[in-house]
Amino acid sequence: MNKEELLNGLNEKQKEAVRYLDGPLLILAGAGSGKTRVLTHRIGYLIESGVAPWNILAITFTNKAAGEMRDRVDGLLMARTAQQVFVSTFHSMCVRLLRYDIDRLGYQKDFTIYDTDDQRTLVRSCIKALGLDNKMYRDRAVLSIISSAKNEMTDAESYTDSASDFYERNVAKIYTEYERQLKASNALDFDDLLIKTVQLFRRFPDVLEKWQERFRYIMVDEYQDTNNVQFEIVRMLADKYRNLCVVGDDDQSIYKFRGANIENILSFERTFPGAKVIKLEQNYRSTRSILNAANQVIRNNKGRKEKELWTENEEGELPVYREYETAAQEADRIIRQASEAAAGGRSLKSQAILYRTNAQSRLLEEKCIERNIPYIIVGGVNFYQRKEIKDIISYLRVISNDVDDLACQRVINVPKRGIGQTTVNRVTAFAVQNNISFYAALTRPENIPGIGSAAKKIRTFTDLIEEFRRRIREGGTDLRGLIEAVRDETGYAEELKKEDAVTAETRLENIEEMINKAVSFEADRAARLGIEAVLPEPGTDEIFTAEENGEDLLEEFLEELSLVADIDRTNDTDDVLTMMTLHSAKGLEFDTVYLCGMEDGLFPSAASINAEDPEAEIEEERRLCYVGFTRARKWLNLSSAKERMVNGETRYMKVSRFIDELPDDAAEKHFRSKRNAGESFRGFGGYEGRMEHSLGSTSFGSSYGSSYASSYGGRDDFGSRPGDREAYNAYNGFSSRMIGNFGSLDRTPVRSGRGSKGAKGLSGLSGISKGFGNAGGAVKQKPDYGPGDRVLHIKFGTGTVEEVKEGAKDYEVTVDFDTAGRKRMFAGFAKLKKV
DNA sequence: CTCCTTTGTCTTTTT
DNA sequence: GACAAAGGAG
């Protein structure tokens with residue numbers, strides 16, 4: 001596309017942003033204002049203006065955003081040109097840079113990246129090694145202190161100097177030990193990836209200059225979410241040419257908890273004098289009603305950049321808010337509503353359910369399974385954090401990096417080889433004493449005092465590892481072969497099969513999926529190397545010389561695994577209902593959005609309400625709410641429940657203040673309690689609101705049952721057993737509510753005893769179907785069972801197949817379940833297991 | 001050394 | 001209610 005074409009169809013502001021190429025530029029882009037379009041067209045415009053594609057750096061926050069941007073650039077330019085633009089996340093970019101020069105900081109170039117789990121394990125072992133009480137020093141708490149310190153670029157030494165009390169002095173010791181062990185394992189944590197890059201730039205100006213020359217035009221997406229270290233990286237890189245374009249929206253800053261500093265965007269003009277500011281305020285996504293509601297909520301925040309989003313889109317329907325009695329009812333209604341909408345022509349994939357916390361997904365998932373609705377849960381338990389996947393990855397890490405002690409300790413006895421804690425402790429002691437790595441100690445077990453017969457078992461392990469190393473080094477295997485070897489030759493698969501059949505099979509399927517991932521990674525990599533082969537080496541005019549060897553392949557694969565989140569794996573071809581947290585939803589859009597759990601203490605979170613500075617934290621929650629509202633194109637459904645199980649205890653919830661902040665004419669509100677129709681919750685401020693609320697609910701079952709039903713088209717199942725419910729409320733509800741109201745308000749626990757083990761949770765059973773379990777099933781496949789066969793369903797248990805019928809999209813199966821009765825379901829989604 | 005039971009913590013969000 | 005860590009029995 002030429003320059004002219006790149007400007008076609010853009011509004012004046014957008015055009016201005018695309019054309020403004022040199023010098024600092026801040027684009028304040030409201031939700032749905034065509035931000036990605038502007039960014040990608042700007043890249044195209046730069047290239048059309050004669051800038052070499054490899055001189056352009058575009059930084060995003062997620063791999064998904066990076067991929068999307070790359071695809072869109074692809075659509076504008078010649079494929080080859082597009083691929084030479086460096087589009088990347090902060091973290092991956094830093095890894096790339098560090099792989100070149102980190103040896104100058106005393107690391108080996110094949111460093112490993114420790115994820116959150118690894119970090120916790122490491123911190124715990126530091127606490128133990130220092131002889132500190134792990135009740136006093138909790139790994140999570142310590143880790144968050146360390147992480148914030150790192151985000152302020154405070155290293156262990158200066159943290160120690162500034163430690164003022166006993167606790168901090170011990171944390172300082174842990175921090176120091178943590179850093180020492182990381183270094184010894186040639187490992188970096190997430191924060192290090194950024195920090196080491198800054199250090200490298202500061203201490204080696206030639207390195208910095210090399211990259212400044214390479215990245216003459218820099219663009220940063222979601223700039224409001226950058227933290228101090230990321231800011232510093234950008235500042236330094238842009239320092240020479242000052243061609244920095246940042247895009248962001250202060251109203252969508254939602255990552256303060258992980259160090260994002262909203263000041264970065266608020267003070268951009270001060271930091272980069274002479275910066276041009278362009279505001280994109282026209283929204284192309286949502287109806288006027290939805291936008292109005294979003295604006296009404298966000299206007300309650302102070303200290304934002306002045307702007308108001310507007311649209312030429314039609315008015316549309318008012319957002320609807322509904323209050324439900326329990327979280328289960330809320331979930332059930334939403335799922336039903338979504339499936340009815342789907343039946344009425346709105347596809348499932350055009351709808352999304354958003355919530356504040358991952359824990360809320362469980363109920364929704366359960367209802368989907370009950371109603372046989374294909375769904376996808378984005379985020380939550382990360383695929384790569386599952387036991388079997390982490391086990392395999394740990395093997396790969398040991399194979400790739402022989403000083404990765406953590407990975408080694410994880411798999412030394414997986415599958416069980418009779419190497420227990422005692423032996424591990426002895427090996428560790430020996431390694432520490434001789435200042436060698438854990439693995440190195442394993443290679444000479446006969447030197448370890450008191451090791452006895454364990455030496456032979458250790459030998460079995462190291463022999464295996466050495467063999468795997470030999471194969472990959474000599475190119476005797478590809479990734480697929482290596483993973484299969486780890487799975488089969490270590491006895492891992494065999495041990496898995498000793499678990500119950502369903503779990504074992506799912507775990508094996510997950511490993512299979514990981515193999516698929518490896519195969520496509522290898523293919524992509526080959527293509528990428530081809531492209532890079534024509535790029536000039538940074539700092540020189542020479543061409544990259546990509547040396548092909550198996551060890552690099554493995555390292556790169558591991559790197560990819562440690563930097564991708566589950567969200568990157570979404571696939572939009574299947575017609576499935578999407579569920580995710582508000583955070584994950586940023587940057588996405590759907591025709592219909594259900595935003596559930598609109599309750600004070602959940603959203604805004606209790607933590608924000610009780611924070612030292614509630615004002616500020618609630619503002620962040622409000623921005624999150626704004627993000628949620630603005631995901632919707634046409635229909636926005638808000639809901640809350642009065643009763644919800646949180647942390648294993650039933651809590652009585654108050655309607656979210658964000659609902660109160662919505663004027664009555666901005667949304668159609670339906671409350672459960674007996675209250676004049678249309679009357680909002682305003683006026684019931686503070687905690688008295690809950691009192692009113694509770695009293696209102698005593699009239700349950702009778703007055704409200706019927707009136708409510710009518711608003712729902714008469715298909716209300718709430719009042720199905722009013723007697724039961726009333727009794728329950730009178731007994732259970734009343735007492736808890738009293739506690740709730742007169743005690744310490746919202747958070748008073750109503751302790752329920754440890755429940756029976758019988759009702760195992762959905763995720764406990766599956767642990768696995770969550771996420772991407774091929775819900776929706778892209779390909780129709782004949783089931784391996786037929787009438788008369790006994791099958792197992794994840795929720796309904798065992799049953800007998802009555803009929804298998806071929807449908808248009810999938811096979812339809814009728815099963816008579818032993819306890820749940822007769823159900824009809826799609827085979828692809830139900831994932832029945834023959835037993 | 002392994003398996004099983006008990007206890008404690010967690011929930012804010014994620015690269 | 002789920003999960004991980006610690007504790008205890010064989």
Side-chain angles (χ1 to χ4, degrees), chain A residues 59-66 88-95 113 115-117 120-121 124 128 134-135 138-141 144 147 151 189-194 222 225-227 229-230 254-260 354-363 378-382 385 387 413 416-424 453-454 457 562-568 580-586 597 601-611 617 620-621 623-624 627-628 644-651 747 749 752-765 767:
Chain A
I59 303 176
T60 62
F61 269 80
T62 63
N63 293 293
K64 178 158 198 253
S88 157
T89 65
F90 268 107
H91 293 267
S92 342
M93 176 188 76
C94 289
V95 172
I113 301 165
D115 69 13
T116 317
D117 278 352
R120 284 186 65 189
T121 314
R124 218 175 296 128
K128 207 171 146 193
N134 65 359
K135 295 230 161 81
R138 313 217 143 274
D139 50 11
R140 279 167 154 269
S144 101
S147 182
N151 279 326
D189 65 21
F190 278 128
D191 299 320
D192 284 343
L193 295 177
L194 307 170
E222 307 281 13
D225 286 328
T226 48
N227 66 28
V229 190
Q230 289 163 333
I254 55 173
Y255 283 108
K256 191 172 158 216
F257 72 93
R258 68 171 194 217
L354 309 182
Y355 36 77
R356 179 66 238 266
T357 66
N358 276 311
Q360 290 168 257
S361 66
R362 171 114 59 68
L363 273 177
V378 179
V381 183
N382 191 324
Q385 307 211 19
K387 270 190 205 70
N413 198 31
K416 293 186 187 68
R417 299 186 175 88
I419 303 173
Q421 198 53 56
T422 323
T423 307
V424 171
S453 62
K457 298 169 185 164
S562 55
L563 292 175
V564 294
D566 249 3
I567 188 160
D568 307 328
M580 66 183 121
T581 63
L582 288 158
H583 282 88
S584 302
K586 189 157 72 136
L602 184 64
F603 189 34
S605 73
S608 66
I609 297 172
N610 302 319
E617 306 241 345
E620 172 133 329
E621 299 279 311
R623 290 192 291 269
L624 196 51
V627 167
R644 178 183 302 273
M645 182 89 94
V646 184
N647 284 1
E649 71 197 25
T650 302
R651 291 209 204 149
R747 284 154 294 105
S752 46
R754 255 171 209 282
S756 69
K757 285 265 155 117
K760 251 225 151 155
L762 196 54
S763 310
L765 218 166

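The sequence lines fix the lettering, A, B, ..., with proteins before strands; numbering per chain opens at 1.
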To the nearest angstrom, how far is A:D139 atom CG from C:dA6 atom C1'?
14 Å

Pairwise P distance, B:dT13 and C:dA4 [rounded to whole Å]
15 Å

To the nearest 0.5 Å, tell me how far A:T357 OG1 sits from A:F603 CZ.
11.0 Å

OP1 or OP2 of B:dC1 versus the side-chain N and O atoms of A:T423: is any pair under 4.0 Å?
yes

Phosphate OP1/OP2 of B:dT11 contacted by A:R140 side-chain N/O (<4.0 Å)
yes

Report the residue (A:R138 or A:F190) whose heavy-atom-nearest nucleotide on DNA chain B is the more 5′ of the two.
A:R138

Point-to-point distance, once rounded to the nearest 0.5 Å, from CZ of A:R644 to CD of A:E649
13.5 Å

Regarding B:dT15, can its base be found pairing with the side chain of A:R258 as donor and acceptor, where the two atoms are less than 3.5 Å apart?
no

Side chain of A:N413 - closest among B:dT9, C:dG1, B:dT2:
B:dT2

In whole Å, what is the span from the CZ atom of A:R651 to the P atom of B:dC10?
13 Å

Base, sugar-phosphate alone, or nothing: which one does A:T581 contact when heavy atoms must sit under 4.0 Å apart?
sugar-phosphate

Sort out the partner of B:dC1 for me: Watson-Crick or G-U wobble, both distances under 3.5 Å, none otherwise.
C:dG10

What is the distance from NZ of A:K135 to P of B:dT9, rounded to the nearest Å?
7 Å

On DNA chain B, check which nucleotide each of A:E620 and A:G418 is closest to and give me the residue with the more 5' one.
A:G418

A:T116 side chain near B:dT15 phosphate (N/O to OP1/OP2, under 4.0 Å):
no

Quick check on C:dA6: is either OP1 or OP2 less than 4.0 Å from any side-chain nitrogen or oxygen of A:N134?
yes

Give a yes/no on whether any side-chain N or O of A:S584 is located under 4.0 angstrom from OP1 or OP2 of B:dT13.
no

Nearest-Å distance, NZ (A:K586) to P (B:dT14)?
12 Å

Searching all strands shown, indicate the nucleotide that pairs with B:dG8 (Watson-Crick or G-U wobble; both distances under 3.5 Å).
C:dC3

Side-chain contact check for A:K387: nearest option of C:dA4, B:dT13, B:dT11 is C:dA4

Which of the following nucleotides, B:dT13, B:dT2, C:dG1, is nearest to the side chain of A:F257?
B:dT13

Atom pair NZ (A:K256) and CD (A:E621), whose distance is rounded to the nearest 0.5 Å
10.5 Å

Can you tell which of B:dT15, B:dT13, C:dA5 lies closest to the side chain of A:H583?
B:dT13

A:H91 has its side chain closest, among B:dG8, B:dT15, C:dA2, to B:dT15

Would you indicate whether the side-chain heavy atoms of A:D115 and A:S562 approach each other to under 4.5 Å?
no

Calculate the interatomic distance between A:I59 atom CD1 and B:dT15 atom P; express it in whole Å.
16 Å

Of B:dT11, B:dT13, B:dC1, the nucleotide closest to the side chain of A:T422 is B:dC1

In terms of ring plane angle, is the pair A:F257 and A:H583 parallel, tilted or perpendicular, where the classes change at 30° and 60°?
perpendicular

Side-chain N or O of A:K416 less than 4.0 angstrom from OP1 or OP2 on B:dC3?
yes

Distance in angstrom units between A:R120 CZ and C:dA5 P, rounded
7 Å

What is the separation between atom CG on A:D192 and atom C1' on B:dT15, rounded to the nearest whole Å?
14 Å

Out of B:dT15, B:dT14, B:dT2, whichever nucleotide has its closest atom nearest the side chain of A:T89:
B:dT15

Rounded to the nearest 0.5 Å, what separates atom CG in A:L582 from atom CZ in A:R356?
7.0 Å

Could you tell me how far apart A:N63 (CG) and B:dT15 (P) are, to the nearest whole angstrom?
8 Å

Smallest heavy-atom separation, A:S92 atom then A:L563 atom, equals CA-CD1, 3.8 Å

